[in-house]
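A note on names: the letters A, B, ... follow the listed sequences, proteins ahead of strands, and every chain is numbered from 1. Every value quoted in this text rests on a predicted model; they were computed, and no experiment measured them.
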Amino acid sequence: MQPITVKLLHWYDSHHRILPWRISPRDRLAGVVADPYRVWLSEIMLQQTTVEAVKPYFRAFTEKWPTVTHLASASQDDVLRAWAGLGYYSRARNLKKCADIVCAEFGGRFPIDVAGLKSLPGIGDYTAAAIASIAFDLPTAVVDGNVERVITRLYALATPMPFAKPEIRLRMQAITPDERPGDFAQAMMDLGATICTPRRPACVICPLNDNCEALRTTDPEFFPVKAPKKEKPVRVGAAFVAASTDGEVFLRSRIETGLLGGMAEVPTTGWTARLDGDTDVDAAPFPANWISAGSITHVFTHFELRLAIYRAGEVQKDIAADGWWVKVEKLTGEALPTVMKKAIAAAIPDAFAKRRKEE
DNA sequence: GATCCGTGGGG
DNA sequence: TCCCCAAGGAT
């Protein structure tokens with residue numbers, strides 16, 4: 001093993017993070033094996049998502065669906081409801097598709113090779129390598145954002161992203177050991193998350209500071225080099241929150257594909273398209289006593305949305321088609337993305353208010 | 001290769 | 001407040 005590999009594994013043995021989906025090096029040494037289902041589920045949830053945001057969702061999913069077979073038996077809508085709030089909803093749709101395939105075509109067991117894993121929906125280069133190394137002990141180069149940062153610093157790779165990816169992969173492959181490849185991959189990610197951070201890395205306490213070319217010659221914070229990002233356009237639209245006399249809100253389903261695909265929404269104008277939506281009350285989905293309830297702003301990955309909010313009370317339930325009515329208290333159980341919770345909260349301020357403990 | 005896809009937290 | 005970005009994948 002290379003010096004870097006030995007040092008990092010040694011560091012990991014005493015400084016690894018304790019995570020709900022992780023087998024500690026001590027337990028691993030004692031013969032505890034990782035559950036591929038839990039590894040897969042955690043890796044999908046962790047895509048572009050912070051550890052702290054994932055933890056409660058991981059607990060909820062594994063409690064509700066302890067095995068991939070349980071998950072396959074759930075409906076897509078069940079999965080979307082449980083995923084609501086975590087973002088990137090195509091992950092949830094692909095999660096369900098993947099579970100179905102694993103159960104129907106692989107007898108409930110994940111393929112134990114990178115190519116087989118990559119063929120499954122929602123599993124790309126990173127996730128296939130992560131599952132292969134963490135769950136199956138295959139010495140595969142696991143490259144995520146942390147690894148990109150650590151490697152470009154270790155070797156002072158100044159090629160801008162994403163053009164540096166091939167070089168990064170080669171460097172990672174070269175230091176990935178045949179023994180404990182999963183621990184090594186997780187060690188690289190822990191190092192990137194806790195010490196080799198994007199800003200103000202803690203080089204003084206880094207186990208690899210003697211090996212870091214960026215630290216020796218310049219400032220590690222310069223790496224990885226990235227192209228400047230473009231500004232976000234602003235889109236506008238309107239959302240319509242209709243309430244019935246018996247305290248229910250009208251919801252409908254979004255189309256399966258694209259932004260917030262398959263999730264629930266209150267009726268809105270067409271802000272999803274490049275063109276801005278209508279912000280006027282005349283664009284309401286059905287006639288009612290619409291009253292302005294202000295506006296909300298929500299920032300997506302590639303645009304900013306400003307929605308005018310309208311509310312109407314005492315709406316006849318038979319006036320609206322292609323949707324359903326739900327009690328305000330039951331809204332939490334719906335597959336509502338955050339932007340829709342904001343819209344509803346603007347119209348019904350206590351819709352998602354947390355229950356106060358009785359005095 | 002570039003673009004589309006959420007959200008919440010930290011500096 | 002604003003900007004950055006976090007264990008990426010699909011098209």
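Separating the CG atom of Leu86(A) from the C1' atom of dA6(C) is a distance of 11 Å, rounded to the nearest angstrom. One interatomic measurement links the two molecules: NZ of Lys342(A) to C1' of dG6(B), which rounds to 10 Å at whole-angstrom precision. For the pair Met263(A) CE and dT7(B) P, the interatomic distance rounds to 8 Å; values are reported in whole Å. Between the NZ atom of Lys232(A) and the C1' atom of dT7(B) there is a distance of 10 Å, rounded to whole Å. Taking atom CD1 on Ile255(A) and atom C1' on dC4(B), their separation rounds to 14 Å, with Å as the unit. If you measure from atom CZ of Arg199(A) to atom C1' of dG11(B), you get 6 Å, rounded to the nearest angstrom. For Glu52(A) and dT7(B), the CD to P distance is 19 Å, given to the nearest whole Å. Here the P atom of nucleotide dG9(B) and the NZ atom of Lys55(A) are 13 Å apart, to the nearest Å.
In this structure, Asp35(A) does not pair ionically with Arg38(A), as no charged nitrogen and carboxylate oxygen lie closer than 4.0 Å. A salt bridge links Glu148(A) with Lys165(A): the distance from a Lys NZ or Arg NE/NH1/NH2 to an Asp or Glu carboxylate oxygen falls below 4.0 Å.
For Val339(A), taking side-chain heavy atoms from C-beta onward, the closest of the listed nucleotides dA7(C), dC4(C), dT7(B) is dT7(B). Taking every side-chain heavy atom of Lys230(A) into account, dT3(B) is the closest of dA7(C), dG9(C), dT3(B). Distance from the side chain of Arg149(A) is smallest to dA7(C) among dA7(C), dG8(C), dG6(B). In the set dA7(C), dG6(B), dA2(B), the nucleotide with an atom closest to the side chain of Thr301(A) is dG6(B). Nearest nucleotide to the side chain of Tyr126(A), out of dA2(B), dG8(C), dA6(C): dG8(C). Of the candidates dA7(C), dG8(C), dC5(C), the closest approach to any side-chain atom of Gln47(A) belongs to dG8(C). Taking the side chain of Leu46(A) as heavy atoms from C-beta on, and the options dG6(B), dC4(C), dA7(C), the nearest nucleotide is dA7(C). In this structure, of dT7(B), dG8(C), dC5(B), it is dC5(B) that holds the atom nearest to the side chain of Leu259(A). Here the side chain of Lys226(A) is nearest to one of dA7(C), dC4(B), dC5(C), namely dC5(C). Here the nucleotide nearest the side chain of His302(A), chosen from dA7(C), dG9(C), dC5(B), is dC5(B).
The environment of Leu19(A) atom CG is dense: over 12 non-hydrogen atoms of other residues, nucleotides or ligands sit within 6.0 angstrom. Other residues, nucleotides and ligands contribute more than 12 heavy atoms inside 6.0 Å of the CG atom of Asp246(A).
Of the two residues contacting DNA chain B, namely Phe300(A) and Pro162(A), the nearest-nucleotide position lying further toward the 5' end is that of Pro162(A). Two residues, Arg22(A) and Asn94(A), neighbour DNA chain C, and the one matched to the more 5' nucleotide by heavy-atom proximity is Arg22(A). Looking at which nucleotide of DNA chain B each of Arg200(A) and Tyr88(A) is closest to, the 5′-most match is held by Tyr88(A).
Across all their heavy atoms, Ala335(A) and Met263(A) have their closest contact at O-CE, 3.2 Å.
Residue side chain Thr49(A) reaches the base of dG6(B) through a donor-acceptor N/O pair under 3.5 Å, judged by distance alone. Side-chain atoms of Arg17(A) come within donor-acceptor range of the base of dA7(C), with a qualifying N/O pair under 3.5 Å. Between the base of dG6(B) and the side chain of Thr338(A) there is no donor-acceptor pair shorter than 3.5 Å.
For the OP1/OP2 pair of dG8(C) and a distance below 4.0 Å, the side-chain nitrogens and oxygens of Gln48(A) include at least one atom meeting the criterion. Phosphate contact (OP1/OP2 of dC3(C), side-chain N/O of Lys229(A), threshold under 4.0 Å): absent. The shortest distance between the side-chain N/O atoms of His298(A) and the OP1/OP2 oxygens of dG6(B) is not below 4.0 Å. OP1 or OP2 of dG9(C) has at least one side-chain nitrogen or oxygen of Thr127(A) nearer than 4.0 Å.
Heavy atoms of Val299(A) sit under 4.0 angstrom from at least one base atom. Using a 4.0 Å heavy-atom distance criterion, Gly85(A) is classed as a sugar-phosphate-only contact. Note on Trp21(A): a base of the nucleic acid sits closer than 4.0 angstrom, heavy atoms only. Using a 4.0 Å heavy-atom cutoff across all strands shown, Ile131(A) reaches no nucleic acid atom at all. If you check every strand for non-hydrogen atoms under 4.0 Å, Ile123(A) touches sugar and phosphate atoms only.
Taking atom C1' on both dA6(C) and dG6(B), the two are 12 Å apart, rounded to the nearest angstrom. On the C1' atoms, dT1(C) is 16 Å away from dG8(B), given to the nearest whole Å. Using P as the reference atom, dA7(C) and dC4(B) are 24 Å apart when rounded to the nearest Å.
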Criterion ring-ring contact (aromatic ring centres under 6.0 Å, His included) on His302(A) and Phe300(A), from CA distance to verdict: CA-CA 6 Å; His302(A) 53 297; Phe300(A) 291 97; 7.5 Å; no
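Relative orientation of the Phe61(A) and Trp65(A) rings is perpendicular, given thresholds of 30° and 60° on the angle between their planes.
Between the side chain of Arg149(A) and the backbone N or O of Gly192(A), at least one donor-acceptor pair lies under 3.5 Å.
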